[in-house]
Amino acid sequence: MSYYLIAIGGTGNKVLEAMVYACAADALYTVEADGRHVPLPAVNALIVDVDAACGNTTRAKQAAEHYEQVREAFEASGVSRRGFHTALNVQRWNMDLARRAASVDDMTLNHRQDRLLANSLFSATEAKLEYSEGFRGHPDLGVLFFADMLGSLDDMAAEGQPDEMVELLKRMQRELEAGETVRVMLVGSIFGGTGASGIPSVSRYLHDRFTAFADHFLLSAVLMLPYYEVPPATVDETEEIVVKSSTFLDKARTALQYYGMEGMVRSSEEDTRGIYDVLYLLGLPREAFTQTRIYSTGSQSQENDAHLLEWLSTRMVAAFYRTGFRGVDAHNMDCYYYQWHSGNVSWDCFDKESALYHRAFGGLLKASALFFGECYPTLRACIRSDDRRLSRTVNYWTAYFYGVRRFSAAQRAQLEKLIDSLYKLLAFYTNWVWQVLGTLPPAKPPQQRNGLFHPAIVGDLHELLALYGMEETRRDARIMEALRRGLWHDFSHIVLQPVPDRVTAAQAVAGLGGGSAQDTGADPKAAFAAFTAALLAVVMEEDGR
């Protein structure tokens, strides 16, 4: 069994970032006959986005890279841990845009009849938009682009040109020919440009290419419907393409009509015309929309805030990966959608997985608070400054890192790099949670809308990270110490539930000292993995609600 994720466009890559944290939480799993959850061994992800500089794409890829650094240390040491079992291999489809026409104008430059047709289909502003900037909510441009890209894949393979999509297809082909079941999930929006054009284009291509393996090639998609609004444009619409919230619902409605009229979802195993074995729709009613804090149509500035729906979409991906759609399970073929019943958000919105999500995702944030509030400054001082006083008195340093005094310079550098990867992964996660809380759908009364994490404590953690990110000369040591003390005091209340968590910060730190430096020897990965496993173990309490 192999599992693939194709993240298309900016929204698709926001879902990919949420998938990183789902892997860390072991939220992607199969269910054994005895009810045990077995984490997926690996997920292979491909980023499909013409906007190579998109901030959301960069953030998702970086989060995945730091996750893999931490997970590989676990794997190399063989230490038992809570989470981090699913390998996440992320590649970006390069597309080699420099070798292709940059726009519709370029594509039709030397073809008079094509230029006349293009003039009738596209406005002058649309025709001159360079593909490398994205499609700015215009899927008609994207369809033309993807038709050209996908149509040239076989030629590229024959010429031996390196291409990430070609390599992915070859891998799928090998696995299918070996009799393995291949599950492919596409994620993205259908009210923008890249996702709306790329999802159906790539899906049809995959369906047609692997139609001979229909008995064990499973294809699905999470289609993100409108769930936010963007600020009004401040540019001249006659000179530049703008994105308008007012068009989102109409675009989504048109896309859904296309999916319905084309019979995109298979009605049975005998239906060879249908593309998808299952389709998931995820959106919000208009009254639940929130306006984005920061919005950009593309490039590095397109780093739009995370949203609860991207978190929920990972549940759809996980459900597809563990559900049967053949034989006695063929009745699962269908189109599913998430029904929003209330603006109030709590762990119960994750339904039967509420206990898992509360323990694992909540535990990851508690691990972040403990790491940034207590462990990180100490580890940094002991590794970089060789602070002998701290190294003799701090229980978790003695338990896992006491052998560092015998490390070579290269080993210290390796350990510091691993600690840095953990720092950045937990920082990405903290920022992601902070953004999710800031974009929750409005509820009445407003104070009832969030039952996930304590917003003020998350805000303090976010502020502490911002100070860590400054140059040392610009940091306010008094504010940092106050924030660290606050996180220590409020540790049991970070995760919202009827009864506060039982383990306090003092108990968690005491629990960190249960290891032995003799077990890690002179291996930086072993020392790091043992410490990180202990950190996760002391904060991930079983659900006792």
Side-chain angles (χ1 to χ4, degrees), residues 1-5 7 12-32 35-45 60 63-64 66-68 70-71 74-75 80-90 183 185 187 220 222 224 278 280 282 306-323 336 338 345-368 425-426 428-430 432-433 435-437 451-453 494-497 532-533 535-537 539-543 545:
M1 187 81 71
S2 57
Y3 307 91
Y4 293 87
L5 180 83
N13 283 287
K14 292 176 72 182
V15 175
L16 176 59
E17 185 185 0
M19 284 285 291
V20 175
Y21 313 128
C23 289
D26 279 352
L28 308 175
Y29 58 84
T30 56
V31 182
E32 297 291 287
R36 287 185 303 113
H37 290 185
V38 178
L40 300 187
V43 173
N44 297 293
H66 293 302
Y67 167 80
E68 272 299 293
V70 176
R71 189 201 63 79
F74 279 135
E75 200 68 25
S80 176
R81 72 271 193 185
R82 306 289 295 269
F84 290 81
H85 287 94
T86 301
L88 184 59
N89 174 35
V90 177
R183 295 172 178 260
M185 168 65 81
V187 293
S220 178
V222 174
M224 300 295 284
V278 60
Y280 301 94
L282 208 56
H307 194 284
L308 176 69
L309 256 66
E310 293 136 22
W311 191 3
L312 290 173
S313 69
T314 65
R315 292 193 67 224
M316 309 298 102
V317 178
F320 167 67
Y321 285 157
R322 66 172 176 264
T323 303
Y336 298 90
Y338 186 88
V345 179
S346 70
W347 297 104
D348 290 334
C349 75
F350 298 107
D351 198 32
K352 295 178 181 178
E353 293 179 296
S354 60
L356 164 66
Y357 275 57
H358 161 254
R359 181 186 71 250
F361 286 95
L364 280 174
L365 193 66
K366 289 168 65 181
S368 302
L425 174 64
L426 295 181
F428 273 122
Y429 178 65
T430 297
W432 180 80
V433 170
Q435 291 180 359
V436 166
L437 295 184
L452 298 171
F453 300 102
I494 296 174
V495 182
L496 294 178
Q497 54 177 325
T532 308
L535 176 67
L536 296 170
V539 298
M540 288 195 183
E541 301 179 38
E542 298 300 326
D543 191 80
R545 291 177 295 164

Answer whether the closest heavy-atom distance between the side chains of K14 and M224 falls below 4.5 Å. no
Work out which heavy atom in L496 is nearest to a heavy atom in F453; give both atom names and the distance. CD1-O, 3.3 Å
Report yes if some heavy atom in the side chain of T86 is under 4.5 Å from a heavy atom in the side chain of V43; otherwise report no. yes
Under the side chain to side chain contact (heavy atoms under 4.5 Å, CB included) rule, collect the residues that match up with A537, sequence neighbours excluded. none
Hey, are the side chains of V15 and L309 touching, using non-hydrogen atoms and a 4.5 Å cut-off? no
Side chain to side chain, Y429 and F361, heavy atoms closer than 4.5 Å: yes
Tell me, do V20 and L425 make a side-chain contact under 4.5 Å, heavy atoms counted? yes
Between S220 and Y280, what is the shortest heavy-atom contact and its length? OG-CE1, 3.4 Å
Determine the minimum heavy-atom distance between E32 and V38, stating which atoms define it. CG-CG2, 3.4 Å
Compare every heavy atom of Y4 with every heavy atom of Y321, then report the nearest pair and how far apart it is. OH-O, 2.8 Å
So, the side chain of E353 versus the backbone of F350: is there a donor-acceptor pair under 3.5 Å, distance only? no
Contact between F84 and T532 at the side-chain level, heavy atoms closer than 4.5 Å - yes or no? no
Distance in Å, D351 CG paired with R315 CZ, rounded so as to fall on 0.5 Å steps: 5.5 Å
Do H307 and V436 make a side-chain contact, defined as non-hydrogen atoms from C-beta onward lying under 4.5 Å apart? no
Which pair of heavy atoms, one from G363 and one from V539, lies closest together, and at what distance? O-CG2, 3.3 Å
Across all chains, not counting sequence neighbours, the salt bridge (charged side-chain N to carboxylate O under 4.0 Å, His left out) partners of R71 are E68, E75
Taking L536's backbone N and O only, do any of them form a donor-acceptor pair with R81's side chain (distance below 3.5 Å, no angle check)? no
Do H85 and Y29 have side-chain heavy atoms sitting under 4.5 Å apart? no
